[in-house]
Amino acid sequence: MLPEWQNGLYFVRRSPVHSLFEQTMIRADILLGSLRFLGKFPLKHHYKFSKIFSWLLSSVMHYRKDVVYINLSRAFPELSCQEIDQLARDFYLHFGEIISEAIWFAGSTPAKIRKEDICTIINPEVLAKAYDKASNVMILTSHTGNWELTGGLRYYNPKPELDYVFNENHISIVYKQQSSKVWDEVLKKTRSTPVENYQGLVESKQILRYALEHSQSKKIYIFINDQRPYGTGTEIGEFMHQKTSGMAASIKLASKLHMSVLFSKMVRTRQGHYEITYVPLADDAHEYQTETLLKKYFDELEKELHQTPANYLWSHKRWK
């Protein structure tokens, strides 16, 4: 950018777009720095504030309370009003802990993750086997447990003697860009905090191009696949007693590249600890109809929700 002469001085005129980008990055760096500072404290200290977060969301802000109650009432028609009330309270407590854990995760390191033992993978050999045999692996997750901890996947191995055959560079996490550019920058960095200079976050609109460009490299793609489709979606019948359509892009991509497909179940077993279990859905997605695999995914998710009903993001507008 060439300097301009004005009133006897040279100055550089900065474009509005350039200035806006700089402002976004400065705000993101300030927010990120604050989160990483707070994240240095032990996890048990963060849980002291989780009930405050829950109270603020539930009783002060009434955050999506109508959505939560509608979703729970329709998903569990067999429950009484009192049971729905209790389930809603349990959800908000869970939501408060998710926020506390996400703040802690922003200052995490591989050693810190292993020391806190926040997550255990019950059957890592299932993922290792799928990765060994298939061209690529597609892991379909959901908004159960704490999905913000996905970036630490490589460090949740409970068996040191059973090391994975892949490293951080083989894992690609697909995400949807946030409407706020500041929060988008912050979340991209906090979700990949344990891995220095991580390059595996891929925006959902870019995933097809990314996968084709890396088709010769064996990868593990992680999709959160339970959101409401951006368009019409693919009908899968009923899910939690409601007519449901799902996003099929992940499965179509898996089919195109002959990927193995796993369902990832994430359950809270106690405060400060989750368990991940992998459920094989297909050795080769190309051998299945898209609707069949998508239905298998939602069937597994429904089983999980009946086992741990508060362990889900019920504030999410999943159904129209």
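Here the side chains of T150 and I222 are in contact, with some heavy-atom distance below 4.5 Å. Residues T120 and T269 have side chains not in contact (no heavy-atom distance under 4.5 Å, counting atoms from C-beta outward). With a 4.5 Å cut-off on side-chain heavy atoms, S142 and Y297 count as touching. The shortest side-chain heavy-atom distance between K205 and K176 does not fall under the 4.5 Å cut-off. Residues T234 and S245 are not in side-chain contact: their nearest non-hydrogen atoms beyond the backbone lie 4.5 Å or more apart. Using a 4.5 Å heavy-atom threshold, the side chains of F53 and I103 count as touching. Contact of the N311 side chain with the E304 side chain is registered, since non-hydrogen atoms from C-beta on lie closer than 4.5 Å. In this structure the side chain of K296 reaches within 4.5 angstrom of the side chain of L293, judged on heavy atoms.
Judged purely by atom type and a 3.5 angstrom limit, S54 uses its side chain to pair as donor or acceptor with the backbone of S50.
We find the CG-CG distance between D85 and L72 to be 10.0 Å, quoted to the nearest 0.5 Å. Rounding to the nearest 0.5 Å gives a distance of 12.0 Å between NE2 of H273 and CD of E116. Atom NE2 in H316 sits 8.5 Å away from atom CZ in R64 (nearest 0.5 Å). Distance check: L140 CG to L301 CG gives 10.5 Å after rounding to the nearest 0.5 Å. Put simply, CG on L56 and OH on Y63 are 14.0 Å apart, with the number rounded to the nearest 0.5 Å.
V67 and L305 end up in different hydrophobic clusters when Ile, Leu, Val, Met, Phe, Trp and Tyr side chains are linked at under 4.5 Å. Cluster annotation: M266 is not connected to L93 through the hydrophobic network of ILVMFWY side chains, with a link wherever side-chain heavy atoms come within less than 4.5 Å.
A salt bridge links D299 with K295; the closest basic N to acidic carboxylate O contact falls under 4.0 Å.
Nearest heavy-atom pair across V68 and S315 is CG2-CA, 3.8 Å. In this structure, F91 and L313 approach most closely via the heavy-atom pair CE1-CA, 3.9 Å. For the residue pair M259 and M138, the shortest heavy atom distance occurs at SD-CE, 3.8 Å. In plain terms, the two heavy atoms of H241 and E78 that are nearest each other are NE2-OE1, 4.4 Å. When all heavy atoms of S172 and V202 are compared, the pair lying nearest together is CB-CG2, 4.3 Å. What you find for I220 and Y131 is that their closest heavy atoms are CG1-CD1, 3.6 Å.
Listed by first then second residue, pairs satisfying side-chain hydrogen bond (donor to acceptor under 3.5 Å, both in side chains) with a partner in residues 92-107 read Y47-E101, H94-R268, E97-R268, E97-Q271, E101-N146, E101-R268, E101-Y274, not counting sequence neighbours.
Applying the 6.0 Å contact sphere to CZ of F76 captures more than 12 heavy atoms from other residues, nucleotides or ligands. Within 6.0 Å of atom NZ in K252, 12 or fewer heavy atoms from other residues, nucleotides or ligands are found, so the atom counts as exposed in its surroundings. Within a 6.0 Å radius of NZ in K218, other residues, nucleotides and ligands contribute more than 12 heavy atoms.
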Intermediate values then yes/no, side-chain contact (heavy atoms from CB on, under 4.5 Å), T144 and T308
CA-CA 9 Å; T144 56; T308 54; over 6 Å; no
How far apart are the C-alpha atoms of F223 and I207, what are their side-chain angles, what is the distance that settles it, and do they pass the side-chain contact (heavy atoms from CB on, under 4.5 Å) test?
CA-CA 10 Å; F223 272 79; I207 185 57; 3.8 Å; yes
Show your reasoning for whether side-chain hydrogen bond (donor to acceptor under 3.5 Å, both in side chains) applies to N71 and Y312.
CA-CA 11 Å; N71 281 343; Y312 189 60; over 6 Å; no
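Aromatic ring orientation, Y210 versus Y221: perpendicular (interplanar angle above 60°, classes split at 30° and 60°).
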